[in-house]
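Chain letters run A, B, ... following the sequence lines, proteins first and then strands; every chain starts at 1.
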Number of protein chains: 2
Amino acid sequence: MARRNQHTKDEIQQLSLQALEALLYEHNHEAISTRMVAKAIGYTVGTLYTVFKHQADMLLHVNARTMDRMFLHCQRGISDSNTAEHNLTLMALSYHQFALQEPNHWNLVFSLRLPENEPLPQWQQANIDRIFHLLEYELARLSPETSPQSIQKNARILWSGVHGMTTLSLNNKLFIEGITDVETLLTNLVHQLVLTWSGA
Amino acid sequence: MARRNQHTKDEIQQLSLQALEALLYEHNHEAISTRMVAKAIGYTVGTLYTVFKHQADMLLHVNARTMDRMFLHCQRGISDSNTAEHNLTLMALSYHQFALQEPNHWNLVFSLRLPENEPLPQWQQANIDRIFHLLEYELARLSPETSPQSIQKNARILWSGVHGMTTLSLNNKLFIEGITDVETLLTNLVHQLVLTWSGA
DNA sequence: CCTTTAATTGAACACTGTTTAATATGGCAA
DNA sequence: TTGCCATATTAAACAGTGTTCAATTAAAGG
């Protein structure tokens, strides 16, 4: 069977990404092979290599979609009619919730290592910047007289905290026996940082 | 060549771990195979499996040693004659510095996934607790009247932040073009959290 | 010295990512 | 309609992976 022309290259790429995403709900990315993805879309590995440079390239494309979904998820419920602290708390909780809902997708975003000399694509940085802008917007609303540099700095401090809690709790490296849950910890973190930044 | 009795099982295990650690200075753990380790110590893969249950088991042992080293490193310069904030800042900077010095060892600690139904061993939790105790000690010194529960909670908030910054900066996911460095950010984080916790 | 015991190996198994020659079909020109 | 060409697709190959296990070989014990 050759030259069946059933799908365009673009369609094959989309099918692959969808199939891979579906597999990630069941298996973590280290357990997923190129042949599994190929089989899932009814093609052979060779075909995948006409559409992606290599496996890492395919995973990178999945990561792009994951970050898009995460970005949307983190905007849920955000509104200018809320206080800045409320919005920041919502974002933090959403970030953590997304990681819980799609742990394998989320893990892949932060554990993918590209082959040497492969630069990480510019849209990756753009995606990260997009999330930071959400935070910076709220931080500016919180204390309008703070300099843009400080706002950028504080956004990074805040995101690091939220991200760290999410990583550690996802890997059970955070808790002794049933102390407070992560949601409480996240709310606390946001509250305490907001307190010092709101000029209190 | 069989039954040469050149090394005891214990010695073979130690040799393996040392060889693996040496390899980690050059390659990240995904690029290291059991056969590479075996060759480095002058044995065959089969021998490794008389000493470790599986590859993940071997990596877990390396992680134990890495955490020991990290624990010692994080105590560098700590002294009761320093302020609590100073000690906490030292620890945060040491934590980050250690990750920079041994990125592959450090990565392995947080990215190793055990096979299903393999419980993470109890010394792992003990090692984590040990680090938390260092933090809790300083936090108690900072505000003696705070309840033990709150101290535990705050230690986790603080460590999450430090860990998050370290992870993200190690993967270049934290910075736009040359803003402030991670050290400054870490110092800031500690300072701001300490401010709210010292009852100011 | 000869047998038992166990440390060590080498080969096998089923998999992995990646490359490439061979193939078979859809579309086009005559 | 026929025949050819371009190319989408595959099957097979390669060098590697983790893991297991029968076979081997040497040390130790009687």
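- For the helix from dC1(C)-dG30(D) to dA30(C)-dT1(D), the angle separating the two terminal helix axes comes to 20°, with each axis derived from five pairs and the value rounded to 10°.
- Among dG17(C), dT10(D), dT19(D), the nucleotide with an atom closest to any side-chain atom of Gln55(A) is dG17(C).
- An OP1 or OP2 oxygen of dT8(C) is reached within less than 4.0 angstrom by no side-chain nitrogen or oxygen of Thr47(B).
- Closest to the Arg35(B) side chain, of the nucleotides dA7(C), dG17(C), dT19(D), is dT19(D).
- Following rounding to the nearest Å, Lys39(B) (NZ) and dG16(D) (C1') show an atom-to-atom distance of 13 Å.
- Note: Trp159(B) and Phe132(B) have perpendicular aromatic rings, judged against thresholds of 30 and 60 degrees for the angle between ring planes.
- Note on Leu48(B): nothing from the nucleic acid sits closer than 4.0 angstrom, heavy atoms only.
- Side-chain N/O atoms of Trp197(A) and Gln192(B) include a donor and acceptor closer than 3.5 Å.
- Taking the six-membered ring where the residue is Trp, Tyr25(B) and His105(B) present tilted rings, their angle falling between 30° and 60°.
- Under the 3.5 Å distance criterion, with hydrogens and angles disregarded, a donor-acceptor pair is assigned to the side chains of Asp181(A) and Thr184(A).
- Between the side chains of Asp10(B) and Gln14(B), no donor-acceptor pair of N or O atoms lies under 3.5 Å.
- Looking only at atom types and distance, the side chain of Tyr43(A) has a donor-acceptor partner in the side chain of His7(A) under 3.5 Å away.
- Where Ser33(A) and Gly46(A) each meet DNA chain C at their nearest nucleotide, the meeting point lying more 5' is that of Ser33(A).
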